[in-house]
Structures are given as structure tokens and as C-alpha cells.
Engineer: 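Shown below is the structure under consideration.
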Amino acid sequence: MNREELINALKPIIAPYTTNEEAFGKLSEETDFIHDLQINSANLVDIVLDIEEQFEIVIENADMERMLNVRAAIDIIETKLNEK
């Protein structure tokens, strides 16, 4: 999967948790989950769990702590997929 495909795969995972539809409509690697999409930290954990399930990967706590924007999420997903 390339980065654009990963963004498209993340959209349905992120959609139920965002409260800023305008920012969600402009979702890019620069999008911050908390500041731009206004996702709270509890829902961010749900997103991580959904990502793990969707991509069949395990995200460690250290990676989870740095997964604050779309770019970090994609980087982590790519790394985990390459390790499989």
C-alpha cells in the first residue's frame, strides 16, 4: 500500500471519532488527530485499536504515544506491515 492508499484506509477508521467535519474533509498527512480533528485521547486509543484490527498489526505503547497525526500513523503502519 502506498501512503495515499493508507490515508484512504484510515478515513473510515477515523470518521466516527472526529468532531470537525471540515478538517476531516481535508485529511492529509499533516492532519493532527487532537488539534485538527478534535479527537479526545480516549477515542485516540480506540482508533489505535481499530488500526491494529484493520491492518492485523500490534502497536506498542511507545508507538501509540507518538501517533498524534496522520503522518505518524502512516509511518507506524508502514513499519509494522514491513515487519510482517
Engineer: The criterion is side-chain hydrogen bond (donor to acceptor under 3.5 Å, both in side chains); which residues satisfy it with Glu53, sequence neighbours excluded?
Structural biologist: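 If we apply the side-chain hydrogen bond (donor to acceptor under 3.5 Å, both in side chains) test to Glu53, skipping adjacent residues, there are no hits.
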Engineer: If the condition is salt bridge (Lys or Arg N to Asp or Glu O under 4.0 Å), which residues does Glu60 pass it with, not counting sequence neighbours?
Structural biologist: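 Scan of Glu60 (salt bridge (Lys or Arg N to Asp or Glu O under 4.0 Å), adjacent residues dropped) gives Lys80.
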Engineer: Can you list, pair by pair, the side-chain donor-acceptor contacts under 3.5 Å of residues 11-19, counting residues two or more places apart and other chains?
Structural biologist:
unit_1, atom_1, unit_2, atom_2, d
Tyr17, OH, Asp50, OD2, 2.9
Thr18, OG1, Asn20, N, 3.3
Thr18, OG1, Leu37, O, 3.0
Thr19, OG1, Gln38, O, 3.3
Thr19, OG1, Gln38, OE1, 3.2

Engineer: Mind checking what makes side-chain hydrogen bond (donor to acceptor under 3.5 Å, both in side chains) contact with Asp32, not counting sequence neighbours?
Structural biologist: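 side-chain hydrogen bond (donor to acceptor under 3.5 Å, both in side chains) list for Asp32, sorted by chain: His35.
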Engineer: Restricting to side-chain hydrogen bond (donor to acceptor under 3.5 Å, both in side chains), what partner residues turn up for Lys84, sequence neighbours left out?
Structural biologist: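 Partners of Lys84 by the side-chain hydrogen bond (donor to acceptor under 3.5 Å, both in side chains) criterion come out as none, since no residue qualifies.
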Engineer: Under the salt bridge (Lys or Arg N to Asp or Glu O under 4.0 Å) test, which residues partner Arg71, sequence neighbours left out?
Structural biologist: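 In terms of salt bridge (Lys or Arg N to Asp or Glu O under 4.0 Å), with neighbours along the sequence ignored, Arg71 is linked to Glu29, Glu30.
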Engineer: Starting at CD1 of Ile39, measure out to CG of Leu68 and round the result to the nearest 0.5 Å.
Structural biologist: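 Nearest 0.5 Å value for the CD1-CG distance: 11.0 Å.
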Engineer: Applying the 4.5 Å side-chain criterion to the ILVMFWY set and letting contacts propagate, would Val45 and Leu10 be lumped into a single cluster?
Structural biologist: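 Val45 and Leu10: separate clusters.
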Engineer: Quick check for you: to the nearest 0.5 Å, what is the distance between Asn69 atom CG and Ser28 atom OG?
Structural biologist: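 Those atoms lie 9.0 Å apart.
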Engineer: According to side-chain contact (heavy atoms from CB on, under 4.5 Å), who are the partners of Met67, at least two apart in sequence or on a separate chain?
Structural biologist: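 Residues passing side-chain contact (heavy atoms from CB on, under 4.5 Å) with Met67: Phe33, Val48, Ile51, Ile59, Ala73, Ile76.
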Engineer: In chain order, what residues pass the side-chain contact (heavy atoms from CB on, under 4.5 Å) check against Asn2, with sequence neighbours excluded?
Structural biologist: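 Scan of Asn2 (side-chain contact (heavy atoms from CB on, under 4.5 Å), adjacent residues dropped) gives Glu4, Glu5.
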Engineer: Applying salt bridge (Lys or Arg N to Asp or Glu O under 4.0 Å), name anything that partners Glu21, two or more places apart in sequence or on another chain.
Structural biologist: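 Applying salt bridge (Lys or Arg N to Asp or Glu O under 4.0 Å) to Glu21 gives none.
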Engineer: Could you check whether atom CD of Glu83 has more than 12 heavy atoms from other residues, nucleotides or ligands sitting under 6.0 Å from it?
Structural biologist: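 More than 12 within 6.0 Å, yes.
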Engineer: State yes or no: do Leu6 and Leu49 share one hydrophobic cluster built from I, L, V, M, F, W and Y residues joined by side-chain heavy-atom distances below 4.5 Å, directly or via other members?
Structural biologist: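 In one cluster: no.
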Engineer: Can you tell me how far apart CD1 (Ile77) and CE (Met1) are? Round to the nearest 0.5 Å.
Structural biologist: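 So the gap between those two atoms works out to 9.0 Å.
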Engineer: For Gln54, which residues count as a side-chain hydrogen bond (donor to acceptor under 3.5 Å, both in side chains) partner, sequence neighbours excluded?
Structural biologist: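 Result, side-chain hydrogen bond (donor to acceptor under 3.5 Å, both in side chains) vs Gln54: none returned.
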